[in-house]
Protein chains: 2
Amino acid sequence: MKHHTTAARDHFTIGQLATLTGTKPVTIRYYERTGLLSPANRSAAGYRLYTPNERDRLDFIRRCRRLGLGLDEVRALLRLSDDRAAPCRQVDAIIHRQLEQVRERIRDLQSLERELERLELGCQAETVEACKIIEALSRRDEPTPV
Amino acid sequence: MKHHTTAARDHFTIGQLATLTGTKPVTIRYYERTGLLSPANRSAAGYRLYTPNERDRLDFIRRCRRLGLGLDEVRALLRLSDDRAAPCRQVDAIIHRQLEQVRERIRDLQSLERELERLELGCQAETVEACKIIEALSRRDEPTPV
DNA sequence: GCTTGACCTTGTAGCGACTATAACCTTCAT
DNA sequence: ATGAAGGTTATAGTCGCTACAAGGTCAAGC
Ligand SMILES: [Zn+2]
Ligand SMILES: [Zn+2]
Ligand SMILES: [Zn+2]
Ligand SMILES: [Zn+2]
């Protein structure tokens, strides 16, 4: 008859949900505040109580976040996933756009990487006086060549 | 005798400095507020006036920023570059650390990229109903296998 | 001289996705 | 009964800007 024990299988406190989903309680409350999660039911004392359904929803959100999607994109995906008749194209578009952005960031970072490697190799000095890195960072732009 | 003409070679307004360095006036003021630039001299009317030296300093900052360094690191590099006797090692350490971080971010993004590619290829459906992407994002974790 | 418009000044608030702190309340085990 | 752990709210901070708003200054054209 253990119908209200701490670790019920059918509802969790915010801390339990946090552990289950690898989130922090503050983050979960933040998601609620910003409309990603709908307001949770409350216990008599005002504690948030979550169901497995809400756990699934949070898992969904966390997977999206791990893909680097912003909360707006997550919101869009949640809305789409709730509308089984929606065109799948819109889902692909979000993923596709994200992929493009990730690739662009990779390209940017790779050019940064090369630049930093070049800088690091350049310097064998003892003091800042002769440091090639500082020199490279300080080099004044050539006056406009005609 | 044009000693106070608009585009003097020896001092600039904030807007001119902004154009010269590819920064925005607000950003320059922000750098001043946060101590990256020392408070500028003012004209009679209270306009900030900059010298070529200050232009060089801002160029230095911008080059650091383009390397992805945070303002704290920039501050450290500025301090080092002002102290010609400081050990060059500290400069290298900052660059080295940044390089490591960039490489780590590249690795993270590349694994994101693979994940997103996998997702994108998986789906040929028409509606969300059968969408493999949504399915992958919604997949409930297997119950702990013994 | 007057207006226009570009530029400058300050202060304040917002971005994204949290994180931290404070002050307090509830639950549970000893 | 007490204390730890964990829940509640509200508020402010993070980073590196960016976007107002409300005003003062300056050069040019009429
Ligand atoms: Zn695509
Ligand atoms: Zn060096
Ligand atoms: Zn190194
Ligand atoms: Zn699909």
Side-chain angles (χ1 to χ4, degrees), chain A residues 2-8 11-37 39-50 54 58 61-78 98 101 105 108 112, chain B residues 2-8 11-37 39-50 58 61-78 98 101 105 108:
Chain A
K2 43 176 167 162
H3 59 100
H4 233 240
T5 48
T6 316
H11 61 270
F12 332 102
T13 66
I14 198 170
Q16 289 164 350
L17 181 63
T19 304
L20 284 170
T21 60
T23 322
K24 292 178 187 169
V26 276
T27 303
I28 297 176
R29 287 191 280 258
Y30 171 72
Y31 287 166
E32 182 180 309
R33 264 209 321 283
T34 56
L36 238 87
L37 295 173
N41 293 326
R42 302 297 183 113
S43 74
Y47 283 24
R48 287 174 180 81
L49 291 181
Y50 295 95
E54 287 165 300
L58 183 49
I61 294 172
R62 296 309 282 178
R63 279 187 209 106
C64 291
R65 292 292 296 126
R66 258 177 263 132
L67 292 174
L69 293 162
L71 296 188
D72 279 350
E73 277 82 38
V74 179
R75 246 181 290 271
L77 285 175
L78 281 169
Q98 177 66 8
Q101 281 174 21
R105 266 186 283 157
D108 289 350
L112 264 194
Chain B
K2 43 182 168 159
H3 61 101
H4 235 242
T5 49
T6 317
H11 60 269
F12 332 103
T13 66
I14 198 171
Q16 290 164 350
L17 181 63
T19 305
L20 284 170
T21 59
T23 323
K24 292 178 185 169
V26 274
T27 303
I28 298 176
R29 286 191 280 260
Y30 171 71
Y31 287 166
E32 182 179 310
R33 263 207 325 283
T34 56
L36 238 82
L37 295 173
N41 293 324
R42 301 300 183 110
S43 75
Y47 284 23
R48 286 174 180 82
L49 291 181
Y50 295 94
L58 183 50
I61 294 170
R62 296 309 281 178
R63 280 189 208 103
C64 292
R65 292 292 296 127
R66 260 178 264 132
L67 292 174
L69 293 162
L71 296 190
D72 279 351
E73 277 82 39
V74 179
R75 246 181 290 272
L77 285 175
L78 281 169
Q98 178 66 7
Q101 281 175 21
R105 264 186 285 156
D108 289 350

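Every chain is numbered from 1 and lettered A, B, ... according to where its sequence line falls, protein lines coming before strand lines. None of these values were measured; they are calculated from a predicted model.
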Find the distance B:H11:NE2 to C:dC8:P and express it as a whole number of Å. 13 Å
Per-nucleotide protein contact along nucleotides 6-19 of chain D, 5' to 3', at a 4.0 Å heavy-atom cut-off (B base, S sugar-phosphate only, - neither), is BSBB------BBS-
State which residues pass side-chain hydrogen bond (donor to acceptor under 3.5 Å, both in side chains) with B:T27; sequence neighbours excluded, sorted by chain then number. none
Please give, in whole Å, the distance from C:dT9 P to B:L17 CG? 11 Å
Counterpart residues, salt bridge (Lys or Arg N to Asp or Glu O under 4.0 Å), relative to A:R75 (two or more places apart): A:D72
Measure from the side-chain N and O atoms of A:R65 to the backbone N and O of A:L69, and report whether any donor-acceptor pair falls under 3.5 Å. yes
Answer yes or no: does atom CG of B:D108 have more than 12 heavy-atom neighbours from other residues, nucleotides or ligands under 6.0 Å? yes
Roughly how far, to the nearest 0.5 Å, is the CD atom of A:E54 from the CZ atom of A:R48? 11.0 Å
From CG of B:N41 over to C1' of C:dT9, roughly how many Å is that when rounded to an integer? 16 Å
Can you tell which of A:I14, A:L17, A:T19 makes a side-chain contact (heavy atoms from CB on, under 4.5 Å) with A:P25? A:I14
What is the separation between atom CD1 on A:I61 and atom P on C:dA17, rounded to the nearest whole Å? 12 Å
